[in-house]
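Computed from heavy atoms alone, side chains included, the values below leave out hydrogens, waters and symmetry copies.
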Amino acid sequence: MAYWEGGVNASRLSRLFGINTNLIARVIKEYREHHPFNLVYDANDAEKIYIPTEQFHPQYIPLSWSSYSGYMLSQSNEHIKQLYGLDTIADSITQINNPNPAIMRVLLKAIRQNRKISLLYRSRTNPAGLRREIAPHAISQDGIRWHCRAFCFKRNDYADFNIGRMNDLELTDKSSKAQDDDVLWRKIVEIQIDANPYLSEIERNLVLNDYGKEGLFVIRTRAALVDYTIQFYRLGRRIDASPKAHPLIVKNIDNLRPYLFSEDN
């Protein structure tokens with residue numbers, strides 16, 4: 001709150017947490033004792049707030065807008081409403097895909113107990129579905145859909161499964177497969193991203209500025225999620241990609257080919 005709103009005081013925190021202002025005042029005092037270079041009291045400000053110093057460094061949360069906005073929107077719309085007005089901050093497009101809780105319960109139980117699952121899995125190749133046996137170990141989102149990372153006994157390898165395509169799940173026996181054996185899940189790789197070379201210099205600066213960047217930048221992700229990341233950000237996979245369709249391109253695509261689902265179209 002101090003970093004992103006420019007200041008914090010006992011009344012704001014009291015409203016946020018529902019705690020007496022006297023207790024909050026003591027907590028602020030303790031925080032300043034533990035982190036003396038983070039906050040300074042600004043008596044001249046009409047709001048009577050503690051403001052972040054130039055040496056401010058976060059101690060308990062990531063220094064990112066998403067960590068702030070995500071918490072505020074999920075925990076305290078009342079704070080935003082009273083201080084800024086209702087509907088002042090909107091953090092995301094409405095999700096159209098929520099996983100089925102009945103399916104999630106089975107998946108999470110299988111992960112907790114290291115057990116296999118028998119299920120009917122649908123795909124574009126087999127839209128009616130085929131019976132599979134998998135050993136799930138992780139849940140992830142590609143920005144739109146939820147997926148399960150699991151060992152597939154049909155493929156005899158680790159693979160990704162769209163949770164929305166799962167049906168008729170049944171827990172079976174114990175699995176000997178471990179997450180540590182899933183090399184692509186454990187491996188972290190870098191996606192190097194830059195403006196499309198067919199953009200003019202002024203267009204290039206504009207595009208990069210949209211993402212708060214000044215030049216080539218890097219996204220680090222799991223090898224198993226590389227293709228999903230490229231799809232989500234609509235990154236061009238070729239140097240000659242259309243600058244209108246793909247204002248950003250992947251610079252190190254050749255290094256990432258082992259992790260792509262298919263060859264570039």
Side-chain angles (χ1 to χ4, degrees), residues 61-62 64-67 69-71 73-74 91-125 129-130 132-171 175-193 211 217-235 237 248 250 252-253 255-262:
I61 63 170
S64 65
W65 168 257
S66 60
S67 65
S69 62
Y71 182 85
L73 291 171
S74 64
D91 71 336
S92 65
I93 297 173
T94 302
Q95 291 289 320
I96 61 175
N97 177 15
N98 264 325
N100 186 324
I103 292 175
M104 293 301 298
R105 292 168 195 150
V106 179
L107 290 175
L108 293 173
K109 187 169 186 176
I111 294 173
R112 289 197 307 270
Q113 298 182 353
N114 194 28
R115 292 171 66 180
K116 301 176 186 177
I117 290 177
S118 172
L119 76 158
L120 189 69
Y121 188 74
R122 296 177 294 136
S123 66
R124 291 185 180 181
T125 306
L130 287 177
R132 297 281 189 92
E133 186 176 46
I134 65 172
H137 71 72
I139 305 295
S140 67
Q141 190 193 38
D142 65 6
I144 300 175
R145 299 160 299 185
W146 285 93
H147 298 262
C148 175
R149 187 73 180 173
F151 185 86
C152 176
F153 290 90
K154 181 177 183 294
R155 299 181 186 178
N156 195 34
D157 198 2
Y158 289 92
D160 187 84
F161 295 88
N162 185 334
I163 293 177
R165 296 179 178 180
M166 293 180 170
N167 294 275
D168 193 22
L169 279 69
E170 181 183 352
L171 285 167
S175 169
S176 61
K177 304 300 179 180
Q179 184 184 106
D180 289 347
D181 297 329
D182 188 348
V183 176
L184 295 186
W185 183 259
R186 300 284 294 177
K187 184 174 185 178
I188 303 298
V189 300
E190 293 186 346
I191 304 176
Q192 297 177 5
I193 304 169
Y211 295 88
F217 62 99
V218 170
I219 292 178
R220 301 179 77 246
T221 188
R222 298 182 186 275
L225 303 179
V226 164
D227 210 311
Y228 290 133
T229 304
I230 292 173
Q231 291 179 43
F232 180 74
Y233 288 106
R234 299 180 182 177
L235 305 176
R237 305 185 186 209
L248 293 177
V250 180
N252 62 331
I253 193 67
N255 296 336
L256 301 176
R257 291 194 189 282
Y259 317 124
L260 302 181
F261 298 148
S262 60

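A salt bridge links R237 to D227: at least one charged side-chain nitrogen sits closer than 4.0 Å to a carboxylate oxygen.
At a threshold of 4.5 Å between non-hydrogen side-chain atoms, the residues M104 and P99 count as touching. Contact check for L260 versus I253: side-chain heavy atoms found under the 4.5 Å cut-off. Side-chain contact between V226 and V189 is present, with at least one heavy-atom pair separated by less than 4.5 Å. In this structure the side chain of V106 reaches within 4.5 angstrom of the side chain of L171, judged on heavy atoms. I139 has its side chain within reach of I111: a pair of non-hydrogen atoms, C-beta onward, lies under 4.5 Å apart. Put simply, the side chain of R222 does not reach to within 4.5 Å of the side chain of K187, judged on heavy atoms. At a threshold of 4.5 Å between non-hydrogen side-chain atoms, the residues Q141 and F232 do not count as touching.
For the atom pair CG of L256 and CD1 of I230, the computed distance is 5.5 Å after rounding to the nearest 0.5 Å. With rounding to the nearest 0.5 Å, the separation of CZ in R132 from CG in L169 is 13.0 Å. Here the straight-line distance linking atom CG of L108 with atom CZ of R112 works out to 6.5 Å at 0.5 Å rounding. Residue F217 holds its CZ atom at 10.0 Å from CD1 of I191, rounded to the nearest 0.5 Å. To the nearest 0.5 Å, atom CD1 of residue I134 and atom CZ of residue F151 are 11.5 Å apart. Here CG of D157 is found 8.5 Å from SG of C152. Values are rounded to the nearest 0.5 Å.
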### Query
Yes or no on side-chain contact (heavy atoms from CB on, under 4.5 Å) for H137 and D182, after CA distance, side-chain angles and deciding distance?
CA-CA 9 Å; H137 71 72; D182 188 348; 2.8 Å; yes
### Task
Mind running side-chain contact (heavy atoms from CB on, under 4.5 Å) on V218 and R220 for me, showing each step along the way?
CA-CA 6 Å; V218 170; R220 301 179 77 246; 4.1 Å; yes
### Query
When you look at L248 and Y233, which way does the side-chain contact (heavy atoms from CB on, under 4.5 Å) test go after all the steps?
CA-CA 9 Å; L248 293 177; Y233 288 106; over 6 Å; no
### Message
Let's go through V250 and Q192 carefully: what are the C-alpha distance in whole Å and the side-chain angles of both, what is the deciding distance for side-chain contact (heavy atoms from CB on, under 4.5 Å) to 0.1 Å, and is it a yes or a no?
### Response
CA-CA 6 Å; V250 180; Q192 297 177 5; 5.8 Å; no
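Side chain to side chain, Y228 and H147 meet the donor-acceptor criterion of an N or O pair below 3.5 Å. Remark: the Y158 side chain and the K177 side chain contain no N/O donor-acceptor pair separated by less than 3.5 Å.
Of all the heavy atoms in I117 and A110, the pair that sits closest is CD1-CB, 3.5 Å. When all heavy atoms are compared, the tightest approach of N162 to W146 is OD1-O, 3.7 Å. Contact record, G164 with R122: O-NH2, 3.3 Å, taken as the closest heavy-atom pair. Across all their heavy atoms, L120 and G129 have their closest contact at CD1-C, 3.8 Å. The minimum heavy-atom distance between C148 and I163, with the atom names listed, is N-CG1, 3.8 Å. In this structure, I61 and S67 approach most closely via the heavy-atom pair CD1-OG, 4.2 Å.
Within the 3.5 Å criterion, the main-chain N or O of F153 finds no donor-acceptor partner in the side chain of E133. In this structure a side-chain-to-backbone donor-acceptor pair under 3.5 Å is missing from N252 to N255.
Relative to the six-membered ring of W185, R149 misses at least one condition, a distance below 6.0 Å or an angle of at most 45° to the axis.
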